[in-house]
There are 4 protein chains.
Amino acid sequence: MVIDAPRPARARSAEEKNRRRDDILRAAERLWTTTAYADLSMNQVAREARLAKGTLYLYFDTKEELFLALLGEHLNAWITHTTEILRERQPRTPAQVSDALLHSSETLTPLRRLLVLLGTVLERNVRPELATEFRRDLDAQLGRVFEYMPYSPPTTLRMLRHLYAVAIGWQQFSESLSGMDPATGEPTRDAQWTFQSEFELALRSVVDHLAAQDTAEQNSSVQDTAGE
Amino acid sequence: MVIDAPRPARARSAEEKNRRRDDILRAAERLWTTTAYADLSMNQVAREARLAKGTLYLYFDTKEELFLALLGEHLNAWITHTTEILRERQPRTPAQVSDALLHSSETLTPLRRLLVLLGTVLERNVRPELATEFRRDLDAQLGRVFEYMPYSPPTTLRMLRHLYAVAIGWQQFSESLSGMDPATGEPTRDAQWTFQSEFELALRSVVDHLAAQDTAEQNSSVQDTAGE
Amino acid sequence: MVIDAPRPARARSAEEKNRRRDDILRAAERLWTTTAYADLSMNQVAREARLAKGTLYLYFDTKEELFLALLGEHLNAWITHTTEILRERQPRTPAQVSDALLHSSETLTPLRRLLVLLGTVLERNVRPELATEFRRDLDAQLGRVFEYMPYSPPTTLRMLRHLYAVAIGWQQFSESLSGMDPATGEPTRDAQWTFQSEFELALRSVVDHLAAQDTAEQNSSVQDTAGE
Amino acid sequence: MVIDAPRPARARSAEEKNRRRDDILRAAERLWTTTAYADLSMNQVAREARLAKGTLYLYFDTKEELFLALLGEHLNAWITHTTEILRERQPRTPAQVSDALLHSSETLTPLRRLLVLLGTVLERNVRPELATEFRRDLDAQLGRVFEYMPYSPPTTLRMLRHLYAVAIGWQQFSESLSGMDPATGEPTRDAQWTFQSEFELALRSVVDHLAAQDTAEQNSSVQDTAGE
DNA sequence: CATGAATGAGCCTTCATTCAT
DNA sequence: AATGAATGAAGGCTCATTCAT
């Protein structure tokens with residue numbers, strides 16, 4: 001019935017294979033914005049990508065690897081986006097840093113939901129080597145952020161991790177307890193708003209705190225040096 | 001391994017039934033510490049509890065309700081424990097409050113993992129009334145904490161929510177990315193330590209922040225009153 | 001919560017036991033008018049009878065025996081009712097006989113549905129002796145009808161069997177194919193009407209036919225006798 | 001018992017798929033002749049068809065749809081067979097029509113049992129569209145019979161419906177009450193015979209009756225026309 | 001007699017993955 | 001490279017029946 005899909009024309013070159021891999025990821029992404037992981041079958045992904053189920057397994061060994069790859073993409077995109085913003089703004093004060101990070105983290109619900117997945121079901125049923133590679137790559141990507149942040153790399157890394165933790169923590173929160181109106185069972189209208197404002201508060205608190213620590217450390221190391 | 005358990009063959013009285021219900025929860029808990037939710041079948045729980053599968057369904061309508069009940073237990077225990085500590089210490093300063101909360105939140109990994117479940121799979125396939133009751137009960141329980149905290153109830157509630165969000169955020173974090181040694185794939189020895197120290201930092205930051213806000217608000221309302 | 005039920009006061013005498021047995025049958029009957037056999041659990045029957053599940057099994061060995069007993073009751077009631085009508089009307093012509101039988105068979109949907117059950121699920125999982133007794137009793141009861149019918153017992157028996165067969169045949173028919181509107185899937189408004197009119201036609205046809213046969217046989221036997 | 005079946009491992013073409021679908025139907029049919037519907041699990045069907053359980057669900061969405069398809073097959077076969085006979089015989093008189101229909105309905109026990117199912121359990125748990133299609137298709141098929149019957153289509157349809165009702169009525173009858181020897185509990189040797197002869201009597205009666213009505217109606221309509 | 005907690009075989013169905021084509 | 005039919009383990013859950021109380 002559906003005619004307008006001249007898709008499966010054998011991906012021969014590496015480039016074509018990448019394109020096909022990307023098609024699958026795009027299909028998974030489209031479904032992911034509306035469907036919970038458990039309710040999302042490989043069958044659906046295949047249909048959405050207009051490919052056969054088996055083809056998916058030519059590009060991803062398991063369902064989990066597929067979504068891990070999707071997460072990787074989103075993380076990279078976020079890092080790129082964040083780097084961009086930091087380069088433009090060159091933030092100096094903790095408030096500026098928080099502003100920049102907050103700005104870079106808006107409308108990232110899909111990413112946050114994927115991050116929640118990471119600790120829940122992803123990394124099971126994934127080739128260990130792939131998991132390791134994923135982390136290595138992530139670390140490398142994060143390195144790109146360092147040079148635009150006014151703090152030492154360790155401090156920056158901690159900040160980013162807190163950003164991560166707080167984001168998924170509040171994501172989870174807004175999806176569960178406070179996400180539903182206790183009376184009607186309907187999703188609360190201001191759950192999203194709560195998420196934003198509390199996420200902001202937590203982030204600013206932590207950034208301030210870490211920034212102060214970082215400054216103190218640098219001063220002390222300067223003094224150490226001065227004392228030599 | 002399986003030794004015959006001296007247990008009444010039939011739970012007739014309400015008390016016995018509560019005990020049996022508890023048996024089931026304990027069995028689920030034992031398995032839960034070592035097994036992911038998706039890999040944990042009702043069959044296993046039944047075996048672990050030395051009961052027939054059908055018996056489980058006399059006490060819990062669905063798998064989800066069983067684990068929701070387990071979460072409820074843990075939450076109540078935590079609240080009780082926390083109330084206890086707060087009553088003993090009567091913390092005044094933000095630092096004291098943070099100390100108390102940190103102390104009350106040690107060794108709560110199972111609770112944190114259950115909380116992650118809450119937003120992920122629990123509350124699906126649960127009678128809506130039960131979900132509502134769960135939230136109502138939780139709110140009521142949280143109320144107990146208010147009177148021992150040196151801040152206004154709204155501020156206290158926000159603090160507890162941040163505690164919740166930060167706890168599950170770092171739980172997730174430590175279970176995924178940093179939870180494994182990049183080289184060996186083994187769980188990092190210091191993942192737990194990282195969790196503790198970063199969780200502490202985040203909590204202190206937020207408590208300080210909120211406490212300052214709270215004080216400001218109270219002062220301004222005092223001034224308002226004074227100005228009348 | 002339900003207080004107004006002082007039921008389970010131990011049925012000691014035979015009479016009390018009969019009453020309790022009847023309670024159960026009445027409960028089953030009430031449910032049966034609205035619910036399909038497969039959707040009707042012993043639990044429901046017990047609740048409806050305000051008795052414990054186990055108590056049902058003191059009076060009926062299996063679910064099937066319970067409903068077989070219910071069918072027996074309905075059959076007896078029908079036979080009694082029919083005998084009554086026949087005694088009053090003393091029908092002579094086939095048309096009168098058909099009229100009487102049709103009148104006695106109105107509004108018997110529950111009975112017809114039970115008869116359908118008989119060939120489908122009842123008689124499985126029933127003690128063979130009970131099944132035999134059921135048939136013996138039914139035959140005996142049917143004997144009561146013979147003396148009020150203007151035909152020989154064998155002919156009368158055949159008529160009744162045809163009545164039975166045609167009744168359940170059209171019952172089944174009106175419950176399936178023609179029972180639903182092909183367009184909307186809703187139960188057809190005139191399914192009941194179809195049942196009545198076609199049932200009447202079939203019954204009259206068969207009664208006429210058998211009556212003619214019966215008369216012929218009697219004449220011939222008279223002639224035989226006369227010829228002696 | 002189980003000998004390796006030379007069957008294509010995968011049904012690729014539409015034709016092969018039809019064959020496989022047929023395999024499943026044949027397996028279900030074999031079991032159906034000896035087993036009651038409720039005692040007949042998809043597991044058994046799968047084993048009998050030498051397929052995995054899941055494969056069954058590639059061809060039929062539910063157990064009920066499988067048996068509805070089986071019924072459809074039998075009905076079509078019967079209609080084809082009947083049409084054939086009618087075409088050959090070109091019956092004119094009611095007796096000839098009855099003869100033809102009786103001949104076409106011999107040895108149809110499986111079909112009759114399936115028809116009983118239809119009103120009892122089939123059409124539950126079936127996609128409504130499929131149920132509707134089933135009825136539509138049946139009506140269409142029945143239309144094929146019309147042109148070879150010497151009566152108006154409405155009369156013919158009524159005859160066929162009576163055939164249906166009487167067939168399942170007597171089927172039910174012979175399977176239950178009179179189907180077992182009251183003494184031994186064994187299936188009566190002459191149950192089949194009773195079925196045949198009484199079914200014949202009922203059918204002839206109804207056909208005669210309806211034929212007379214039909215002729216009367218045609219005459220009156222002729223007269224109406226003549227009167228114009 | 002009455003209870004209702006406990007049983008457990010068995011149900012239908014799903015879906016990630018494999019592999020013949 | 002692509003397909004999609006086939007797999008089959010595993011799932012949650014039901015309910016007639018039993019039996020300890």
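Convention: sequence-line order gives letters A, B, ...; per-chain numbering from 1.
Atoms CG (C:L66) and P (F:dT17) sit 10 Å apart, rounded to a whole Å. Rounded to a whole Å, the CD atom of B:E15 is 16 Å from the C1' atom of E:dA5. Per the geometry, CZ belonging to C:R127 stands 12 Å off P belonging to F:dT17, to the nearest Å. If you take NZ of A:K63 and P of E:dT18, they are 15 Å apart, rounded to a whole angstrom. Note: CD (A:E65) to C1' (E:dA16) measures 13 Å, nearest angstrom. Rounded to whole Å, atom C1' of E:dA16 lies 9 Å from atom CG of A:N125. When rounded to the nearest whole Å, the span between CG of C:L51 and P of F:dT17 equals 17 Å. Atoms CG (A:L58) and P (E:dT18) sit 12 Å apart, rounded to a whole Å.
Taking only side-chain nitrogens and oxygens, B:R10 never comes nearer than 4.0 Å to OP1 or OP2 of F:dT18. For the pair B:N43 and F:dC13, the criterion of a side-chain N or O lying under 4.0 Å from OP1 or OP2 is not met. Contact annotation: D:K53 does not reach the phosphate of F:dG8 (side-chain N/O to OP1 or OP2, under 4.0 Å). Contact annotation: A:Y57 side-chain N/O to E:dC19 OP1/OP2 distance is not under 4.0 Å. Remark: D:Y59 is in phosphate contact with F:dA6, judged by side-chain N or O atoms under 4.0 Å from OP1 or OP2. Side-chain nitrogen and oxygen atoms of B:K17 include at least one within less than 4.0 Å of the OP1 or OP2 phosphate oxygen of E:dA5. In this model, the phosphate group of E:dC1 is not approached by any side-chain N or O of C:R20 to a distance below 4.0 Å at OP1 or OP2.
The side chain of C:E64 lies closest to F:dT17, out of E:dG8, F:dT17, E:dA5. Listed nucleotides F:dG4, F:dC13, E:dT3 differ in distance to B:T62; the shortest reach to its side chain belongs to F:dC13.
With contacts defined as side-chain heavy-atom distances shorter than 4.5 Å, the pair D:Y37/D:R113 does not qualify. Here the side chains of C:T62 and C:E65 are in contact, with some heavy-atom distance below 4.5 Å. Taking the side chain as every heavy atom from C-beta outward, A:L117 and A:W32 approach each other to under 4.5 Å. In this structure, D:F134 and D:L130 have side chains that are not in contact, with every pair of non-hydrogen atoms separated by 4.5 Å or more.
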Evaluate salt bridge (charged side-chain N to carboxylate O under 4.0 Å, His left out) for D:E29 paired with D:R26, printing each intermediate quantity in order. CA-CA 5 Å; D:E29 188 169 43; D:R26 292 291 75 73; 2.8 Å; yes
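Between D:Q44 and B:L56, the residue whose closest nucleotide on DNA chain E is further toward the 5' end is B:L56. With the nearest nucleotide of DNA chain E identified for both D:Y37 and D:T55, D:Y37 has the one nearer the 5' end. Each of B:A38 and C:D61 has a nearest nucleotide on DNA chain F; the 5'-most of these lies closest to B:A38.
The separation of E:dC1 from F:dT21, taken at their P atoms, amounts to 22 Å, rounded to a whole angstrom.
Residues meeting the ring pair (Phe, Tyr, Trp, His ring centres under 6.0 Å) test with D:Y57, sequence neighbours left out: none.
Around atom CD of D:E129, more than 12 heavy atoms belonging to other residues, nucleotides or ligands sit under 6.0 Å away.
Nucleic acid contact for C:F60: none, since no nucleic acid atom lies under 4.0 Å from a heavy atom of the residue.
Without hydrogens or angle criteria, D:K63 side chain to D:N125 main chain gives no donor-acceptor distance under 3.5 Å.
For the strand DNA chain F, secondary-structure stems (runs of at least three Watson-Crick or G-U pairs, all distances below 3.5 Å) span E:2-21 with F:2-21.
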